[in-house]
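Down below is the structure, laid out as structure tokens.
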Amino acid sequence: MKVFLLCAISSLPVLAKEPPATTTCTAAAVQFLAALDPAGRAKAALPFGSEERENFRYTPRDRAGLPFKEMTETQRAAAMKLLDSALSEKGILKATQIMTLEGVLAEMENNPTRRDSGKYYVTIFGQPGDAKGWGWRFEGHHQSFNLTFLGNRNISVTPTFLGSNPGEVRAGKHQGLRVLAAEEDLARSLVTNLLAAGKPEVVFSDKPPGEILSGENRSVTALDPVGVLASDISEAQRASLLELISQYTGRYRSEVAATDAEKIKTAGIGKIRFGWAGGTKPGEAYYYRIQGPTFLMEACNVQNDANHVHATWRDFNGDFGRDLLREHLSGE
């Protein structure tokens, strides 16, 4: 059993000895900007100190940056290469599937103007490779990837948000598609297991909130401690919890998420709490959160008759690389 738990912990990224991720991400950002004409660069390139860098949104709206719909085929390929430099294969798949769902919604709602898969925006903040800090954002309806780079090693990947509407496509050529299936199924399996093991406190409310509580807030703080502590459950259950956490950290390449994942482990695996609200059967509305000393992960499936999933990962001090930047400034 101990071997099983150690394997689960090792599935979370660890700090890389070499910094290839920063080099790869920098090169991809440089290539993306080089592919743009002056008008495109004017939209895509903003100062690192711009307030827009922390304008975290996942609802459908126009955004700063260069949208896919205004890019040439070559520019879109460069944008996808930028994503590929940071996201894992699983993360890329989820990102592209969520873009596909905009087309599904356009047909369901007969509103291609509001539901437009071309309204995903790429923004570069600062000069790629600047040791004092730079970053990039890929954002549109139901997804927001925010990366901050400082020096040759430190990378921040929060806030990260993914959503899926429909949570399950129930008709048409994409029938059966569940973009966030693992985030839901692993959590439901864990809460069911904990209840069967005599941990009724894991369900802290019969009624889930209507939305993730952190919302589109630019900063988040710890929520009420609910559910069960990882230190109070079995090793197998802790391994299941870590597997669930890895669905969030694993949206990125391991070397890219290493800084943030290391903070989760350093603060103490045993101090992480898992709590559930709502029904535990498939099709029932639910909410859950995973909260440790440094981070918050939330998922909610309540809207549209429990067929509309939101799943987010936040850092209390490190969203948008705030803690890395503070440490850098204090050391100057």
Side-chain angles (χ1 to χ4, degrees), residues 57-63 65-73 75-77 79-84 87-122 138-145 160-189 208-212 215-216 244 247-248 250-252 278-288 297-313:
R57 302 285 188 176
Y58 54 79
T59 45
R61 62 181 65 233
D62 291 330
R63 290 163 162 81
L66 185 65
F68 267 49
K69 64 190 300 180
E70 294 182 13
M71 297 181 195
T72 65
E73 184 176 344
Q75 292 164 350
R76 284 193 293 271
M80 291 307 298
K81 189 171 182 179
L82 178 66
L83 277 182
D84 187 61
L87 303 189
S88 63
E89 290 185 7
K90 177 170 58 181
I92 285 285
L93 179 61
K94 289 177 186 290
T96 54
Q97 287 176 334
I98 289 169
M99 294 171 74
T100 297
L101 287 182
E102 285 300 284
V104 173
L105 287 175
E107 292 183 8
M108 291 174 61
E109 300 174 2
N110 193 27
N111 191 346
T113 300
R114 175 175 168 80
R115 306 299 190 182
D116 185 348
S117 59
K119 288 186 176 180
Y120 287 86
Y121 298 71
V122 178
F138 177 77
E139 191 176 79
H141 182 216
H142 273 165
Q143 56 184 307
S144 183
F145 294 101
T160 298
F161 177 93
L162 290 181
S164 177
N165 180 22
E168 178 181 2
V169 180
R170 294 172 177 166
K173 65 180 180 179
H174 299 292
Q175 183 174 356
L177 176 62
R178 297 176 63 218
V179 178
L180 300 179
E183 288 85 343
E184 178 172 312
D185 295 347
L186 290 171
R188 180 179 291 108
S189 177
E211 174 60 296
I212 57 172
E216 294 180 326
L244 177 58
Q247 294 303 313
Y248 292 77
R251 295 168 181 173
Y252 297 92
T280 59
K281 296 179 181 178
E284 295 181 332
Y286 71 83
Y287 163 93
Y288 71 79
M297 294 171 177
E298 293 181 279
C300 188
N301 188 359
V302 174
Q303 300 178 53
N304 299 2
D305 295 323
N307 195 30
H308 184 153
V309 186
H310 288 173
T312 194
W313 173 21

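All figures in this text were calculated on a predicted structure; none of them were measured in a lab. The first residue of the sequence shown is numbered 1, and numbering continues consecutively from there.
Minimum heavy-atom separation, Val122 to Ala79: CG2-CB, 4.0 Å. When all heavy atoms of Pro208 and Gly278 are compared, the pair lying nearest together is CD-CA, 3.7 Å. Nearest heavy-atom pair across Gly118 and Pro67 is O-CB, 3.6 Å. In terms of heavy-atom proximity, Phe68 sits nearest to Arg76 at O-NH1, 3.5 Å. Nearest approach of Pro166 to Met108, heavy atoms of both residues: CG-SD, 3.9 Å. Shown here for Leu177 and Leu101, the closest heavy-atom pair between the two residues is CD2-CD2, 4.0 Å.
Atom OH in Tyr121 sits 7.0 Å away from atom NZ in Lys69 (nearest 0.5 Å). Considering CG of Asp84 and CD1 of Ile92, their distance stands at 5.0 Å, rounded to 0.5 Å. Taking CD of Glu70 as the reference point, atom NZ of Lys119 lies at 10.5 Å (rounded to 0.5 Å). To the nearest 0.5 Å, the span separating CG on Asn165 from CD1 on Ile98 amounts to 11.0 Å.
Counting heavy atoms of neighbouring residues, nucleotides and ligands inside a 6.0 Å radius, atom CD of Gln175 exceeds 12 of them. With a 6.0 Å radius and a threshold of 12 heavy atoms from other residues, nucleotides or ligands, Glu211 has its CD atom above the threshold. Counting non-hydrogen atoms of other residues, nucleotides and ligands closer than 6.0 Å to CG of Asp305 gives a total of 12 or fewer.
Between Arg115 and Pro60 there is a side-chain heavy-atom pair separated by less than 4.5 Å. Using a 4.5 Å cut-off on side-chain heavy atoms (C-beta onward), Tyr288 and Glu184 make no contact. You'll find the side chain of Leu87 reaches within 4.5 Å of the side chain of Phe145, heavy atoms only. Between Asn307 and Arg170, some side-chain heavy-atom pair lies under the 4.5 Å cut-off.
For Asn301 (side chain) and Tyr286 (main-chain N/O), no donor-acceptor pair under 3.5 Å exists by modelled atom type. A donor-acceptor pair under 3.5 Å is absent between the side-chain atoms of Arg114 and the main chain of Glu109, judged by distance alone. Remark: side-chain polar atoms of Arg188 are paired, donor with acceptor, to backbone N or O of Thr280 under 3.5 angstrom.
Here the options are Trp313, Tyr252, Tyr248, the test is side-chain hydrogen bond (donor to acceptor under 3.5 Å, both in side chains), and the partner is Thr160; only Tyr252 passes. Among Glu216, His142, His141, the one residue that satisfies the side-chain hydrogen bond (donor to acceptor under 3.5 Å, both in side chains) test with Thr59 is Glu216.
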Point to revise | Stepwise side-chain contact (heavy atoms from CB on, under 4.5 Å) check, Leu244 with Met297 | key: CA-CA 10 Å; Leu244 177 58; Met297 294 171 177; over 6 Å; no
Practice item. Kindly determine whether Val179 and Leu162 satisfy side-chain contact (heavy atoms from CB on, under 4.5 Å), including the steps that lead there. Key: CA-CA 9 Å; Val179 178; Leu162 290 181; 6.0 Å; no
Practice item. Evaluate the side-chain contact (heavy atoms from CB on, under 4.5 Å) criterion for residues His310 and Glu298: first the C-alpha distance (whole Å), next the side-chain angles of each, then the deciding distance (0.1 Å), finally the verdict. Key: CA-CA 8 Å; His310 288 173; Glu298 293 181 279; over 6 Å; no
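We find that Arg251 and Glu183 are joined by a salt bridge, their nearest charged nitrogen and carboxylate oxygen being less than 4.0 Å apart.
With sequence neighbours excluded, the residues forming a side-chain contact (heavy atoms from CB on, under 4.5 Å) with Ala181 are Arg178, Asp185, listed by chain and number. The side-chain contact (heavy atoms from CB on, under 4.5 Å) check on Thr100 picks up His174, with sequence neighbours excluded. Residues passing the side-chain contact (heavy atoms from CB on, under 4.5 Å) test with Lys90, sequence neighbours excluded: Ser88, Lys94, Gln247.
There is no side-chain donor-acceptor pair under 3.5 Å between Tyr58 and Thr312.
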